[in-house]
Amino acid sequence: MNEKEIEHLLRSLGIGATYRGYRYLNYGIRLCLIDEDYLLSVSKLLYPQIAKYFHTTSCSVERDIRTAVKVCWERGNISLLQEIALRPIRIRPTSSEFLDILTAHLKK
C-alpha cells in the first residue's frame, strides 16, 4: 500500500500531521494492511508494535490515536468517514473500529 494514499485519507478525514496520532495511525494502518491479525488484538499486538517503532509506550499510542479519532469526529469530515464505513455511524467509533474502517477501505 502506498503511504501517500494513507496520508491522503487521514488528511481528508481532518487529521493533520501535527497530531502524534496521525503518525501512529499511518504506521498502524500499514501494519494492518500487511497482516489483518493486528485488528483482532489492537491493544495487545498493534499498540505495542507501534510503540516499539516510535520508542514510546503503548498507553501513549492508545491515547494519541484516540485523540486523532476524536479530532476527526468533532472537527473532521464525518460524511467521508460514513461513506467509507459503508454504514451510518451515530456515535464516535472506537480506535479499533476506526482502524478497521480505514484498513478495509484502503484494501479495496
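Scope of the values below: all heavy atoms of this structure, side chains included, with no hydrogens, waters or symmetry mates.
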Could you give me the CA-CA distance, side-chain angles and deciding distance for Ile50 and Phe54, then say whether side chain to side chain contact (heavy atoms under 4.5 Å, CB included) is met?
CA-CA 6 Å; Ile50 295 170; Phe54 286 99; 3.8 Å; yes
Counting C-beta onward and ignoring hydrogens, is there a side-chain heavy-atom pair between [X] and [Y] closer than 4.5 Å?
X	Y	value
Pro93	Ile89	yes
Gln82	Arg87	no
Thr94	Leu99	no
Tyr38	Thr103	no
Cys72	Phe98	yes
Tyr22	Arg11	yes

Give the intermediate values and the outcome of side chain to side chain contact (heavy atoms under 4.5 Å, CB included) for residues Leu33 and Ile6.
CA-CA 11 Å; Leu33 287 168; Ile6 298 170; 4.2 Å; yes
Hey, could you give me each pair passing side-chain hydrogen bond (donor to acceptor under 3.5 Å, both in side chains) that has a residue in residues 42-54? Not counting sequence neighbours.
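Qualifying pairs: none.
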If you look at every heavy atom in Pro48 and Val42, which pair is closest and at what distance?
CD-O, 4.2 Å
Please evaluate residues Val61 and Leu46 with respect to the criterion side chain to side chain contact (heavy atoms under 4.5 Å, CB included), reporting the C-alpha separation (whole Å), side-chain torsions for both, the decisive distance (0.1 Å), and the verdict.
CA-CA 10 Å; Val61 169; Leu46 184 62; over 6 Å; no
For Glu7, what residues pass the salt bridge (charged side-chain N to carboxylate O under 4.0 Å, His left out) criterion, not counting sequence neighbours?
Lys4
Any salt bridge (charged side-chain N to carboxylate O under 4.0 Å, His left out) involving residues 13-26? Give me the pairs, sequence neighbours left out, ordered by first then second residue.
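Sorted pair list: Arg20-Asp64.
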